[in-house]
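Some notes on the structure that comes next.
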Amino acid sequence: MDIEKALKELEAALKEELNSIKTIEALQDLKAKYLGKKAELSLMMRHMKDLPDQDKPTFGQTINQAKQRFSKHIEHHRKTLETLKLNKKLEKETIDVTMTAPSYRLGTTHLLNQIIDDIEDLFIGMGYLIKEGPEIESDERNFEMLNLPKNHPARDMQDSFYVTEETLLRTHTSPVQVRTMLEYGGQKPVKIICPGKVYRRDDDDATHSHQFMQIEGLVVDETTSMSDLKGTLLAIARRMFGEDRQIRLRPSYFPFTEPSVEVDVTCSKCDGKGCAMCKHTGYIEILGAGMVHDNVLRMSGYDPEVYQGFAFGVGVERLAMLKYGIDDIRHFYTNDLRFNRQFK
Ligand code: FA5
């Protein structure tokens, strides 16, 4: 058998067949046909045993060289196929950078968080720390340690959601006052604001929600006076409603402060002249405040003979409603994006 001739013919046949191979899978089959165990090349190898010993090495070498050439042809074709496939894929995935892209609306910080951020910014600038407390609070810290013992009639001012007999969803941010004073061990001055969610069993209407936000403020040291409180409240009023606002304090009652005050700000709509928004009084009520009650200081470890302090608590929704003329508190929670997007 003329092995050289046979191999040449086989190689020519392989090359011919390769021309019509268009897929990797078909190439795989062709490879098996020409280089597999049952391929002609492998069968030729079997003839080796019939050859005289001196011819065997040349015969083997010739077959192996043919094998290498066949493999090369197949591999070369594989690369060509892969390049074609990749090019096709890239062609399909071509990006037209000149096309106009769909526009995405960016979200905005919720108005209530904007107000909180703004007030935090104001108070951080005055050296206050920001403190937070849990929304599920003990009856003791929410009421008792704020001078509201069990069965105290003033508890009716804040109708509550109890979780167990001794725990409830906090009705105000004032328990964070207690937590901080206890943490400081009655030893060092306190200067904090505490923003957070609070809960009351109030019926939802245009101005009341069962869940709302408050920001509490507390300063305790050896010299704090009512005039410091008034200056601080004026700073809040001006930050929220404009630099030309004035405030007035009216006597009020909170069990945890003595004296207690309600704070009104001159109406920003009529500039204090009287209009529908301020019910023709020229003033709008914005928050409750007072000097920390001796009992509260004492219960949290501060000696009222040495320390005194002021505190205030403001409803964030109320501030936002007054600032932007929002007529219904429910807008804050119904998540109508058209409402939210107005406050970029
Ligand atoms: C308090 O919660 C006192 N802890 C505030 C305080 C702190 C006074 C420190 C003195 C010293 P009051 O119950 O008034 O106070 O609530 C404060 C503010 O929360 C109100 O002015 C109002 O803006 C807001 N608020 C009260 N109830 C609701 C409600 N159901 N929905 C929305 N806002 C409310």
Side-chain angles (χ1 to χ4, degrees), residues 111-112 115-116 119 131 133 135 137 141-148 152-161 168-181 190-220 224 226 228-230 232-233 236-237 240 247 249-265 283-297 300 308-323 326-333:
L111 178 58
L112 295 179
I115 302 263
I116 291 172
I119 292 187
K131 287 276 180 183
E135 287 167 30
E137 187 52 279
R141 281 183 290 257
N142 193 82
F143 287 132
E144 286 169 48
M145 293 186 73
L146 287 164
N147 206 26
L148 274 153
H152 192 289
R155 282 195 179 206
D156 292 347
M157 289 161 78
Q158 301 183 6
D159 216 353
S160 330
F161 291 111
L168 70 160
L169 297 180
R170 65 179 178 188
T171 54
H172 51 175
T173 40
S174 303
V176 188
Q177 287 188 25
V178 174
R179 284 179 170 271
T180 311
M181 286 193 279
V190 184
K191 209 173 168 189
I192 55 164
I193 58 161
C194 330
K197 280 194 205 107
V198 302
Y199 303 83
R200 289 190 194 175
R201 267 173 59 166
D202 287 345
D203 291 327
D204 288 358
D205 62 21
T207 52
H208 293 85
S209 171
H210 59 281
Q211 175 206 303
F212 56 101
M213 313 272 300
Q214 283 189 342
I215 301 176
E216 187 86 5
L218 173 71
V219 172
V220 176
T224 292
M226 194 85 182
D228 296 320
L229 171 63
K230 191 171 178 194
T232 308
L233 299 173
I236 302 180
M240 281 294 114
I247 57 168
L249 309 187
R250 280 180 293 112
S252 182
Y253 171 73
F254 295 105
F256 27 88
T257 45
E258 179 58 40
S260 302
V261 290
E262 290 288 352
V263 183
D264 301 336
V265 60
Y283 283 90
I284 290 174
E285 183 187 314
I286 56 164
L287 55 82
M291 298 303 291
V292 182
H293 199 292
D294 281 3
N295 288 348
V296 174
L297 287 171
S300 291
Q308 52 197 347
F310 67 71
F312 59 85
V314 55
V316 180
E317 286 80 354
R318 185 159 178 81
L319 281 185
M321 288 171 83
L322 291 172
K323 185 172 165 101
I326 296 164
D327 59 356
D328 197 317
I329 195 169
R330 288 167 289 209
H331 287 311
F332 293 114
Y333 298 105

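In each ligand, atom 1 is the first atom listed, and ligand 1 is the first ligand listed. In this chain, residues are counted from 1 in sequence order.
Protein residues with a heavy atom closer than 4.0 Å to ligand 1 are Gln158, His172, Ser174, Gln177, Arg200, Asp202, Thr207, His208, Ser209, Phe212, Gln214, Glu216, Phe254, Phe256, Thr257, Gly288, Ala289, Ala311, Phe312, Gly313, Gly315, Arg318, Ile329, listed by chain and number.
Checking Gln308 against Thr224 by side-chain atom types alone, no donor-acceptor pair falls below 3.5 Å.
Applying the side chain to side chain contact (heavy atoms under 4.5 Å, CB included) test between Phe310 and each of Val292, Val220, Val261, Thr232 identifies Thr232 as the sole match.
Under the rule for a side chain to side chain donor-acceptor pair (under 3.5 Å), Ser300 has no partner lying at least two apart in sequence or in another chain. Legend: residues meeting side chain to side chain donor-acceptor pair (under 3.5 Å) with Tyr333, ordered by chain and number and at least two apart, are Glu317. For Glu258, the side chain to side chain donor-acceptor pair (under 3.5 Å) test picks out no residue, with sequence neighbours left out.
Note: His210 and Phe161 have perpendicular aromatic rings, judged against thresholds of 30 and 60 degrees for the angle between ring planes.
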